[in-house]
Amino acid sequence: MNKSQIPDHSPQKNSGDRNLKAPIKDFEPKIVGFLCNWCSYAGADLAGTSRIKYPPNIRVIRVPCSGRVNPLFVLNCLMNGVDGVLVSGCHIGDCHYSEGNFYARRRFAILKRLLEYIGIDPRRFQMAWVSAAEGERWAKLVGELVEEIKEAGPNEHFGGNR
Amino acid sequence: MNVELRKKAKELLKTKQVEMIIGYQRGPDGISATPVFITREEEAENLIWDVYCVYNLSNYLKDFPGKKIGIIAKECDVRSIIVLLQENQLKRDDIFIIGVECSGVIAEHTLASGKESPGELDFDEKCKACRPSTPRLYDYLVSQKDQKDKGVLPEENPYQDIRKFEAKSIEERFKFWQEEFSRCIRCYACRQICPMCYCPRCVADQTMPTWFSRAPDLEGNLAWNVIRAFHLAGRCIDCGECERACPVGIPLREVNKKIEKDIKELFDYEAGAGVDQKPLLSCFDQNDPEDFIR
Amino acid sequence: MKIGVFTCHCGTNIAATVDVEKVAQAAAEFPGVTFSTAYNYMCSDPGQNIVKKAIKEHALDRVVIASCSPSLHEKTFRKCVEDAGINPYLVEMANIREHCSWVHPEGEQTTAKAIELVRIAVAKVSRDRPLEMTYTPIEKKVLIIGGGIAGIQSAIDIAFANYPAVIVEREPSIGGRMASFDKTFPTLDCAACILTPKMVTVSQSEHVTIHTYSEIEEVTGYVGNFTVKIRKKPRSVDINKCTGCGVCYGKCPVRVPSEFDQGLGKRPAIYIPFPQAVPNVPVIDRESCLWFTEQKCGICQKVCPFGAIDYDMEDEIIEEKFGAIIVATGFQQFDYSVYGEYGYGKFKNVITGLHFERMVNSSGPTGGKIIKPSDGKEAREVVFIQCIGSRDEQKGVPYCSRLCCMYTAKHALLLREHNPDAQAYVFYIDIRAAGKNYEEFVKKVQDEYGAIYLRGRVSRIFEKGDKLIVRGADTLSGAQIEIEADLVVMATGLVAMPDAVSLAQMLHIPYDQNNLFTEAHPKLAPVETITSGIFLTGACQAPKDIPDAVATASAASVKALGLMVQDKLAREPLIARVIPELCSGCRACIEACPFSAIETEEIEDLRLRRKRTVVKVIEGVCTGCGICTTACRMSAIDLEGFSNRQIMEELAVL
Ligand SMILES: Cc1cc2nc3c(=O)[nH]c(=O)nc-3n(C[C@H](O)[C@H](O)[C@H](O)COP(=O)(O)OP(=O)(O)OC[C@H]3O[C@@H](n4cnc5c(N)ncnc54)[C@H](O)[C@@H]3O)c2cc1C
Ligand code: SF4
Ligand code: SF4
Ligand code: SF4
Ligand code: SF4
Ligand code: FES
């Protein structure tokens, strides 16, 4: 890395070891899901209508389309200490607006790799396609996410301000 | 070659093809180059082009809307002009690009080390990745080269550093960037100097809503540095100005280049390829990779 | 801000696992909430009355309903609060049934989640903005592109409802493919007998304007308000002076192959494509006319009694406004010259179905005789090969063209009718005769008209003397077959027009991998496109026979008329909104919007004291997908109903 010669004279606001605690697996992770209205949200509705049980850790934010999800929303969640973020839309070809999930796929392919690069656990940001018919899949997905994020431990790096 | 450059500049001003020329002149230290804005023919004598002309002058172009501007631009600068043209921030007819052949410029920080002659100085990192050459777009080309040795050698293994860093453990990566970003004082010098950060009001300054912490805390700094780099995806042409401008020496190019590498791998996209190129995030391919999606 | 929260028991649907009263109590403590209650069925009339009454009594200005999915009752409660005098867009729903009570067990966690969901909804509603339905005017005129049977039927339907329709047809006459047929399956009506009256009806209708020999040059605008440039190619004959007497083409010395007759017959340089052409006005083919190629002749001008010939006529571009557009550009035949085994289209006696249609037509180039084009002798042994280009992923198109089975059966029947000694052999892969009386028709051809159906592919055709040897396999008997044929007829598939893609791009409508135009929904919106105000009919969307083409034509007309009858177009206000001060005019949003709902605009920037380009949303076109909002780095374009502030507020209380 091309490190600079300039001495570090900035105020040391953040102590470097806020992150180095051992992961605690025994916790209830908070997960935020951005679900497109037409497929994934309807798929989650179907899980409900079919009374398929899954863990209560997810909070759903309804958006018209996966193409509406701004990376700033995702960052906001992670910086506020949310343990996991999910963006879910229609399967490719099924987007209600025909192209929204193509844009989302591109955008989040970049963001996901970038977050990993700066050291954010890849399990904390995930993407899925869930159709309106996949209630079962939705329930299973949430179950898996909760397990994975429990493995990853609480998002202790951030949210210290809250 | 400065003779040819000055002659062309005079001609452009004389024939009123342009109202102003943005170029380089020798700085007060007698070595480095600084930007100069000339409107009169006689001032053209001050123009220089050599290995010390590090700056990307395209950032100044948008400050003179409606004016005909001539600009001296090397390959990397031209790429940023192309992006600005793609994004309708410039009108092609309003600018006259005096292209200069470039075989690499010097790394500014080695200048600070007291060395002076080109032979002793290092090439800038950005040049190693750029394979500098003839600019891909120009209206007039100053053909002769000003060379330092044989010019910069192209990087054998582009993105090698990035790959090495990617191979580190997640904790190491986090620790590294946390330390780097923790120094950020949110001066926004990186934004100020970036030709692509021309937004009327940056998301970092917005309050309805406030997108992330405006204080230089870990959360705010991380969000800022991630979103700055993300907003440059498919637009950053690696002129390296942000990193040069950052007063606390955060290796911003290492974030930018990570994205540059990824979009090349994922979408075969290179920023500033041509004026007709579509913006990376306003287009897609049916077969874009989605192995990361469940 | 006075927010009212209404939590629903939904009988036991919610109350069984969620402590509803506790949710109501918790909600009362949220910032901005001044009233909170619970009731058994919020959506019922008494439930809605509780909401209305509370709005009045507690002067509520925003409402949260904690109940089921918004997909079920969002509309209900919008209406409900509107009745009580609150803007309908100031209500939010917390989905504590589908997303909570039904999927989690009874217990504290489930109640806690329900409370969280209500907290999020309260946060969102606090950032809601009152919105009004928007209205855009409608230009009461329909453009129909393509004047085949589908376009003609659409025009008739629109005109019948007393709205004006304009047909733009590329060829010198309307009529499309059907005009060249002899008889039509399965009823064997004569094509001209059923098509001509329709052509006459449109040509005489006071509501229909027909631009033949014309093409679409440019389309801008949006539903209700399209501006279309139409290029009228120079016919070289003044349509207002010509009476259709026909003296000119009788005297023209030139003879070139006739397109209408598939090259089987010849026509002069000044010609009408076929006797029933509408308009019945000739056109000069400048490629073959001696006046244009060699600057001599000029006979037609001399003989025309009405002085209608005008060699100096030039392209004319007219601009018109339309409220809706119907695309009816039809199909072309698959070019079978990609198949080496069938002689690459080089054998004279291998023809296509359209050639056969002309031959079998008693007013056609052969007077209804089925002949061998090589020597003009009558053909006796005729082999028909189905599925040419269809169902062939390698060289053709993957889909079934749907009509080839039927028109081949028709041809086999007509062959026998025209020449009782003739024998038809049909090579097929499957017989697909799924239409009313279609299966019966094929059976009749097999049983009563002696057509021999052979299931299998033809492996090779080659010339031997004046015969064609057709080699193939009958996969049912396993036998190798070789037929000495006089004539081979290729049942070529139906494919998109060569210019389909450029037309689609001009109209901003999507097309599939086969360049066929894509409907908005394959089942529920088969004649709509995702571009509102543009509809599809006929074979440009997928292979269709005449009954289907006509049915979709009437369907598309109804959709267009549905727009015509409205005073103005009502639009949900949940659409994108630009904040001009933040916009840099970079156009990232314009590139990304799938609906072309954003355009540029010049504004006077007060701060910079100069003009600046920014963007604006076309209200009538925006669908509210929000794709633009993420294309915009500077968040200069936001989405009503799911705004940045709303979503960030939801996240803030998590
Ligand atoms: C050999 C054969 C035999 C058939 N026999 C039968 C039968 O017996 N019974 C039956 O039901 N069906 C039959 N069909 C099917 C029938 O041809 C179609 O159902 C029918 O023609 C579809 O009508 P259409 O209006 O959609 O398209 P078309 O008939 O193709 O008409 C489209 C019109 O649009 C015009 N056009 C195209 N592009 C443009 C443009 N860009 N601008 C302006 N104008 C344009 C064309 O010039 C044409 O006039 C047969 C088909 C074939 C190939
Ligand atoms: S220049 Fe450096 S310190 Fe200033 S805002 Fe950018 S990254 Fe932070
Ligand atoms: S960081 Fe993003 S929002 Fe800020 S100026 Fe740069 S591009 Fe614009
Ligand atoms: S919300 Fe969707 S349809 Fe509307 S302008 Fe934005 S991208 Fe286009
Ligand atoms: S709204 Fe945003 S994306 Fe669209 S032109 Fe303006 S700045 Fe660019
Ligand atoms: S509507 Fe579901 S992804 Fe676009």
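Model, not experiment: these values are computed from the prediction. Chain A is the first sequence line, chain B the second, and so forth, proteins listed ahead of strands; every chain is numbered from 1.
In this structure, SG in A:C65 is found 11.0 Å from CZ in C:F642, a value given to the nearest 0.5 Å. Atoms OG1 and CD, on A:T49 and C:E98 in that order, are 5.0 Å from each other to the nearest 0.5 Å. Note that OG of C:S101 and CZ of A:R51 are 7.5 Å apart. Values are rounded to the nearest 0.5 Å. Of the inter-residue distances, the one linking C:N644 atom CG with A:L72 atom CG reads 8.5 Å to the nearest 0.5 angstrom.
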request  = Carefully, step by step, assess A:R68 and C:T630 under the rule side-chain hydrogen bond (donor to acceptor under 3.5 Å, both in side chains).
outcome  = CA-CA 6 Å; A:R68 168 69 183 100; C:T630 49; over 6 Å; no
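Between C:L651 and A:C77 the shortest heavy-atom distance is CD2-SG, 3.7 Å. Shortest non-hydrogen contact noted between C:S635 and A:N70 is OG-ND2, 4.3 Å. Of all the heavy atoms in C:I647 and A:F34, the pair that sits closest is CG2-CE2, 4.2 Å. Residues C:A592 and A:Y103 come closest through the heavy atom pair O-OH, 3.1 Å. Here the shortest heavy-atom pairing between A:P64 and C:C625 reads CG-O, 3.6 Å. Summarising the geometry of C:Q109 relative to A:P56, their closest heavy-atom pair is OE1-CG, 3.3 Å, with the distance given to 0.1 Å.
The choice from C:G641, C:G624, C:S71 that makes the most heavy-atom pairs within less than 4.5 Å of chain A is C:G624. Highest contact tally toward chain C, considering only A:S98, A:C36, A:P55, is held by A:P55 [criterion: heavy-atom pairs under 4.5 Å]. Contacts with chain C were tallied for A:V60, A:L46, A:N37; A:V60 has the most, counting heavy-atom pairs under 4.5 Å.
Only the side chain of A:V32 has a heavy atom closer than 4.5 Å to any heavy atom of chain C. Only the backbone of C:S643 comes within contact range of chain A, judged by heavy atoms closer than 4.5 Å. Of the two parts of C:N13, only the side chain, counted from C-beta on, holds a non-hydrogen atom closer than 4.5 Å to a non-hydrogen atom of chain A. Heavy-atom distances place both the backbone and the side chain of C:T629 under 4.5 Å from chain A. For a residue to count as touching a neighbouring chain, one of its non-hydrogen atoms must lie under 4.5 Å from one of that chain's; by this rule C:I627 touches chain A with backbone and side chain alike. Within the 4.5 angstrom heavy-atom criterion, no atom of A:V142 approaches chain C.
No side-chain heavy atom of C:H104 sits under 4.5 Å from any side-chain heavy atom of A:K53. Between A:I61 and C:I120, the closest side-chain pair of non-hydrogen atoms falls below 4.5 Å. Counting heavy atoms from C-beta on, the side chains of A:N57 and C:K113 never come closer than 4.5 Å.
Between A:Y41 and C:H99, the angle of the ring planes lies from 30° to 60°, which puts this pair in the tilted group.
In summary, C:E74 and A:R62 engage in a salt bridge, as defined by a charged side-chain N under 4.0 Å from a carboxylate O.
No more than 12 heavy atoms of other residues, nucleotides or ligands shown are found within 6.0 angstrom of CD on A:E136. No more than 12 heavy atoms of other residues, nucleotides or ligands shown are found within 6.0 angstrom of NZ on C:K559.
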